[in-house]
Amino acid sequence: MGYITGNGNGSNGNNSVFDTITANGGGFGAGLSSNGGAGGSAGGGSNGTSGGTANQGSSGGATGYGFNGGSGLNAPTMGGGGGGAGAVGVNAVGTVAGNGGAGKNTWSDWATATSTGVSGFYAGGGGGGRDNTGTSGNGGSGGGGAGTTGTGTPGVAGTANTGGGAGGGQGTGGAGGSGIV
């Protein structure tokens, strides 16, 4: 997700480690003057900046997932969507902020058995926030939170137990969804 007022960026998510496998935390959503952050799945850009680059790769014999964030626009300010585990974040276009990238449903049988995930998907990207005009971005399938608008209104949080990214807001982004092992 992208778009936080002022020049402040969001924060990268923490890495998750299990035995020899490391899952990189997601990249931050951009403030007004920088690109989205690099991460396992990358953050969206804002105010005419680029989305971040995904840097997960494979770790400890496990296959890595994660995609780049989308680019944001200036005048009006529209944030790009954050990357998901299954697709890139969508670029902002016109007066529409970018949607978060879709998550992955590779583990849908396990999701059903444990009542986790969202319709079998995990790790959707957060939607881009916007200024006071236009349309906010939707979260990607797999628990990504939607973007919002309004000074002081945080983006929608990612869904718990999905690893979904938070939506961008005009003031603050939301909290990412907790993961699951």
Side-chain angles (χ1 to χ4, degrees), residues 1-16 22-57 64-74 77-93 96-104 121-131 135-149 153-159 162-179:
M1 57 77 173
Y3 189 49
I4 299 172
T5 58
N7 292 324
N9 295 319
S11 299
N12 275 19
N14 294 324
N15 293 347
S16 297
T22 299
N24 294 340
F28 61 79
L32 285 178
S33 62
S34 66
N35 295 328
S41 282
S46 174
N47 205 39
T49 64
S50 298
T53 302
N55 65 9
Q56 177 56 52
Y65 300 101
F67 285 85
N68 296 342
S71 297
L73 290 176
N74 185 10
T77 300
M78 297 286 155
V88 297
V90 177
N91 295 333
V93 177
V96 179
N99 291 336
K104 294 225 24 117
F121 283 80
Y122 291 93
R130 62 182 174 92
D131 66 8
T135 304
S136 298
N138 295 317
S141 57
T148 60
T149 189
T153 303
V156 176
T159 303
T162 65
Q170 186 182 10
T172 56
S178 57

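Excluded from the calculations below are hydrogen atoms, water molecules and symmetry mates; all remaining heavy atoms, backbone and side chain alike, are included. One is the number of the first residue; the rest follow in order along the sequence.
- Closest approach of Asp131 to Met78, counting heavy atoms only: OD1-CE, 3.9 Å.
- Put simply, the side chain of Asn68 gets close to the backbone of Ala54: a donor and an acceptor are under 3.5 Å apart.
- Between Gly84 and Ser41 the shortest heavy-atom distance is O-OG, 3.1 Å.
- When all heavy atoms of Gly128 and Ala97 are compared, the closest pair comes out as O-CB, 3.3 Å.
- What you find for Thr135 and Arg130 is that their closest heavy atoms are C-CD, 3.3 Å.
- When all heavy atoms of Tyr122 and Ala85 are compared, the closest pair comes out as O-CB, 4.2 Å.
- In terms of heavy atoms, Ala42 sits closest to Gly69 at CB-N, 3.6 Å.
- Formation of a donor-acceptor pair under 3.5 Å by the Asn99 side chain with backbone atoms of Asn138 is found in this model.
- The backbone N or O of Ser71 lies less than 3.5 Å from a partner atom in the side chain of Asn91, making a donor-acceptor pair.
- Judged purely by atom type and a 3.5 angstrom limit, Thr77 has no side-chain atom pairing as donor or acceptor with the backbone of Asn47.
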